[in-house]
S.K.: 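Mind looking over this structure? Questions follow.
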Amino acid sequence: MPDSKINSMLMKLPDETGKGDVMAATSVLQQRANEIRNNSINWQSYLQSQMIGDDDYRFITEFLSSDGGKRDSLLQDQRTQCAKTFLSLLEHISKDQTVQYILTIMDDMLQEDMNRVEIIREYAKKKRENVWSPFLNLLNRPDSFIQNMTSRIIAKLACWSRDPMEGSDLTFYLTWLKDQLQTPGNEYVQTTARCLQMMLRDEKYRLVFAGMEGVSVLANILSGRINFQIQYQLSFCLWVMTFSPQLVEQMNKHKIIPILGDILNDSVKDKVTRIILAVFRNMIEKPEDAAMVKENCVAMVQAKVLKQLSILQQHKFDDEDIMADIEFLTEKLQASIQDLSSFDEYSTEIKSGRLEWSPVHKSERFWRENAARLTEKNYELLKMLVHLLETSRDTLVLAVASYDIGEFVRHYPRGKSIIEQLGGKQMVMQLLAHEDPNVRYEALLAVQKLMVHNWEYLGKQLKKDPTSDSSSTGVKTKG
């Protein structure tokens, strides 16, 4: 499917692809908005205190008293006045309660008809003003409702308007969304995620977001303890990102497959299952690089996706898309197993960061045939092993990585010097004091293998120099 058709399809998607927009009705923002709509604002007092002008007063009172067709006619006849009034009210009124009300009715106006975003855009263009400035400034207000209702309006303007958001305005907004996702205890996190769902359906926006380490942020949040609604929404974000094949490589870098594999294995909600299967399908279907497709298939097998697919096949799903994705993934993953070499399996396990005592680690033949391959791509796999020794807190990962370092040194002629250059020897030495006995044991074995190479090297030196002392120090004796 051509990129233009994909983007058109994504932009037409609802934010919630299940039956009925349950999230919109239950989010904290919408519950609060329902209360705010019932507030009564004394516009007369704002007029008398000259905080708003006669034309703004007339428009806002007429707008609020109209509905349906009458409101449509009003907005058609007074497009310029509509934009002027809303922007003027936001600029001149500072009381939180009133600003909350203005933003809520403005969001409602746009929600009723997406084409109304052009009212705001046209006015800003006519006045030669930045359409984003009034709204981006409101993101700095201390009131969380004001911030998040403003965010909804910005997302609508950015996604529904003819003129896209660009440059520093776009960077500022996406950074704000990213920060809000990571804010502990953010009660409006569903709204933040929903805005991101809207934005990332546009390829221009998702490429910028990815360039801001956005995939890393999504991966970190999905790795933690979050409710199924946020799991769904952030997986939706990843799904739309997979329509840009160049972003799939970033997703691999941040271990999206094992993270989503864990969620899939524990999922009890069909919509979470459906969106994760859709992500996995795209990660196989969209990349043009055959090696990447193969790597993704193997990563899914190692994340126990194939096992979960066999369980899902026993379920009765109303959604035909789920069944089609289950069949597609099952076929592709089973085919990848048939074509799997032991080195492919090992490489994918290292890249996943989830080491376990799979058969390749203890296979003498594997190390004899493949030790040299660990030096490929500028020591890529060795660097990953050393990084795991440095950062992992999983005792199984530390034990297996230590063992692998030792086996590499044992089977590769220059193994010791390479591991020293990469900082691996220092990492293994530190693990000699680890609290877990299995980690200590494997670290000790690895250190012994490193030391054996010292002895072999020293033995060769002693044979070359007959004047050397025969002690293990290698210091020459005095005459």
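Note that this is a predicted model, so its numbers are computed, not measured.
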S.K.: In sequence, state the C-alpha distance, the side-chain angles, and the governing distance for K125 and E122, and then conclude on salt bridge (charged side-chain N to carboxylate O under 4.0 Å, His left out).
M.R.: CA-CA 5 Å; K125 205 165 193 176; E122 288 167 6; over 6 Å; no
S.K.: Would you say the side-chain atoms of T183 pair up with the backbone N or O of D179, donor to acceptor, closer than 3.5 Å?
M.R.: yes
S.K.: Assess the residue pair D325 and R274 against the criterion (salt bridge (charged side-chain N to carboxylate O under 4.0 Å, His left out)); give the C-alpha distance rounded to whole Å, side-chain angles, the decisive distance to 0.1 Å, and a yes or no.
M.R.: CA-CA 8 Å; D325 287 348; R274 179 179 66 246; over 6 Å; no
S.K.: Charged N to carboxylate O under 4.0 angstrom, K255 versus D262?
M.R.: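 Answer for the salt bridge query: no.
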S.K.: Begin from the C-alpha positions of D344 and S341 and carry the test side-chain hydrogen bond (donor to acceptor under 3.5 Å, both in side chains) through to its verdict.
M.R.: CA-CA 5 Å; D344 292 332; S341 72; 2.9 Å; yes
S.K.: Under the 3.5 angstrom rule, does the side chain of N130 hit a backbone N or O of W132 as a donor-acceptor pair?
M.R.: yes
S.K.: Just verifying a value: how many Å separate T171 OG1 and L174 CG, rounded to the nearest 0.5 Å?
M.R.: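 Result: 7.0 Å between the selected atoms.
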S.K.: Run the salt bridge (charged side-chain N to carboxylate O under 4.0 Å, His left out) test on K156 and D107 for me, step by step, so that the C-alpha distance in whole Å, both residues' side-chain angles and the decisive distance to 0.1 Å come before the verdict.
M.R.: CA-CA 9 Å; K156 288 179 170 69; D107 183 67; 2.9 Å; yes
S.K.: Decide yes or no for R194 and Y188: does some side-chain heavy atom of the first lie under 4.5 Å from some side-chain heavy atom of the second?
M.R.: no
S.K.: Can you confirm whether D319 sits close enough to D270 that some side-chain heavy atom of one is under 4.5 Å from a side-chain heavy atom of the other?
M.R.: no
S.K.: I want to check something: taking the side chain as every heavy atom from C-beta on, are M241 and R201 in contact at a cut-off of under 4.5 Å?
M.R.: no
S.K.: Is V397 close to L389 at the side-chain level, that is, under 4.5 Å between some pair of heavy atoms?
M.R.: no
S.K.: Distance only, no hydrogens: is a donor on one side chain within 3.5 Å (strictly under) of an acceptor on the other, for T104 and R37?
M.R.: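 There is no such pair (donor and acceptor under 3.5 Å, judged by atom type) between the side chains of T104 and R37.
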S.K.: Could you tell me the separation between the CG atom of L136 and the CD1 atom of I154, rounded to the nearest 0.5 Å?
M.R.: 4.5 Å
S.K.: Please check if any side-chain donor atom of Q100 sits under 3.5 Å from a side-chain acceptor atom of N39, or the reverse.
M.R.: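 Checked: Q100/N39 side chains show no N/O donor-acceptor pair below 3.5 Å.
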S.K.: Does the side-chain contact (heavy atoms from CB on, under 4.5 Å) test come out yes or no for L207 and L247, once each step is laid out?
M.R.: CA-CA 8 Å; L207 292 178; L247 300 184; 3.9 Å; yes
S.K.: A quick test of your reading: do over 12 heavy atoms of other residues, nucleotides or ligands sit less than 6.0 Å from NE2 of H387?
M.R.: no
S.K.: Any side-chain heavy atom of L277 sitting closer than 4.5 Å to one from T273?
M.R.: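 A side-chain contact exists here, since the closest heavy-atom pair is under 4.5 Å.
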S.K.: Do Y346 and D404 pair up side chain to side chain, a donor and an acceptor below 3.5 Å, judged on atom types alone?
M.R.: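 Yes, side-chain donor-acceptor contact under 3.5 Å.
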S.K.: Donor-acceptor pair, Q314 side chain versus S310 backbone, under 3.5 Å?
M.R.: yes
S.K.: Got a salt bridge between R116 and E112, using NZ or NE/NH1/NH2 to carboxylate O under 4.0 Å?
M.R.: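 Looking at E112 together with R116, the answer is yes, because their closest N to O distance falls below 4.0 Å.
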S.K.: With a 3.5 Å distance limit and no angle check, can you tell me whether S73 reaches the backbone of G69 through a side-chain donor-acceptor pair?
M.R.: yes
S.K.: Could you walk me through whether K269 and Q229 satisfy the side-chain hydrogen bond (donor to acceptor under 3.5 Å, both in side chains) test, starting with their C-alpha distance in whole Å, then the side-chain angles of each, then the deciding distance to 0.1 Å, before giving a yes or no?
M.R.: CA-CA 9 Å; K269 295 290 183 179; Q229 179 61 39; over 6 Å; no
S.K.: Does the pair V215 and F209 meet the rule for a side-chain contact (heavy atoms from CB on, under 4.5 Å), with working shown?
M.R.: CA-CA 8 Å; V215 176; F209 183 71; 5.9 Å; no
S.K.: So, taking the atom named CZ in R281 and the one named CE in M283, what distance separates them when rounded to the nearest 0.5 Å?
M.R.: 15.0 Å
S.K.: Going by atom types alone, do Q44 and Y57 pair a side-chain donor with an acceptor below 3.5 Å?
M.R.: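 Side-chain D/A pair, Q44 to Y57: present.
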S.K.: Nearest 0.5 Å please: distance from the CD1 atom of I119 over to the CZ atom of R79.
M.R.: 4.5 Å
S.K.: So does K204 pair up with D202, basic N to acidic O under 4.0 Å?
M.R.: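 Answer for the salt bridge query: yes.
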S.K.: How about N148 and S151: does a side-chain donor come under 3.5 Å of a side-chain acceptor?
M.R.: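 No.
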S.K.: Parallel, tilted or perpendicular: which one describes the rings of F86 and F59, with boundaries at 30° and 60°?
M.R.: perpendicular
S.K.: Are E295 and K351 within salt-bridge range, i.e. N to O under 4.0 Å?
M.R.: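 Salt bridge: yes.
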S.K.: Report yes or no: does D56 contribute a side-chain atom to a donor-acceptor pair with the main-chain N or O of I52 at less than 3.5 Å?
M.R.: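 Flag not set: sc D56 to bb I52 has no pair under 3.5 Å.
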S.K.: Can you tell me if H315 uses its side chain to pair, donor with acceptor, with the backbone of F317 under 3.5 Å?
M.R.: no
S.K.: Between the main-chain N or O of M109 and the side-chain N or O of D113, is there a donor-acceptor pair closer than 3.5 Å?
M.R.: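 No; judged by distance alone, with no hydrogens or angles, the pair does not exist.
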S.K.: Dump the intermediate steps for side-chain contact (heavy atoms from CB on, under 4.5 Å) on C82 and Y123, then the final yes or no.
M.R.: CA-CA 9 Å; C82 170; Y123 179 78; over 6 Å; no
S.K.: Quick check against the 3.5 Å criterion: does K178 have a side-chain atom that pairs as donor or acceptor with the backbone of M212?
M.R.: yes
S.K.: Taking atom types as modelled, find out whether S352 and Q302 have a side-chain donor-acceptor pair closer than 3.5 angstrom.
M.R.: no
S.K.: Does F63 have R71 sitting over its ring (NZ/CZ under 6.0 Å from centre, angle to axis within 45°)?
M.R.: yes
S.K.: Evaluate the ring pair (Phe, Tyr, Trp, His ring centres under 6.0 Å) criterion for residues F236 and W239: first the C-alpha distance (whole Å), next the side-chain angles of each, then the deciding distance (0.1 Å), finally the verdict.
M.R.: CA-CA 5 Å; F236 182 103; W239 175 63; 5.7 Å; yes
S.K.: Can a side-chain donor-acceptor contact be found between E345 and S358 if the only test is distance below 3.5 angstrom?
M.R.: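 No, because no side-chain N or O of S358 sits under 3.5 Å from a partner of the opposite role on E345.
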S.K.: Is there a side-chain contact between I41 and Y46, using heavy atoms and a 4.5 Å cut-off?
M.R.: yes
S.K.: Tell me whether D143 contacts the main-chain N or O of D96 through its side chain, where contact means a donor paired with an acceptor under 3.5 Å.
M.R.: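 Not confirmed, D143 side chain does not pair with D96 backbone.
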S.K.: Verify, without hydrogens or angle tests, whether S244 (side chain) and Q246 (backbone) share a donor-acceptor contact under 3.5 angstrom.
M.R.: no
S.K.: With a 4.5 Å limit on heavy-atom distance, are the side chains of Y173 and L139 in contact?
M.R.: yes
S.K.: Taking C-beta and beyond as the side chain, do S235 and L222 meet within less than 4.5 Å on heavy atoms?
M.R.: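 Result yes, sub-4.5 Å side-chain heavy-atom pair found.
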S.K.: Drop me the distance from T191's OG1 to Q30's CD, to the nearest 0.5 angstrom.
M.R.: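 Those atoms lie 7.0 Å apart.
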S.K.: Quick check for you: to the nearest 0.5 Å, what is the distance between I263 atom CD1 and I226 atom CD1?
M.R.: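 One gets 5.5 Å once the value is rounded to the nearest 0.5 Å.
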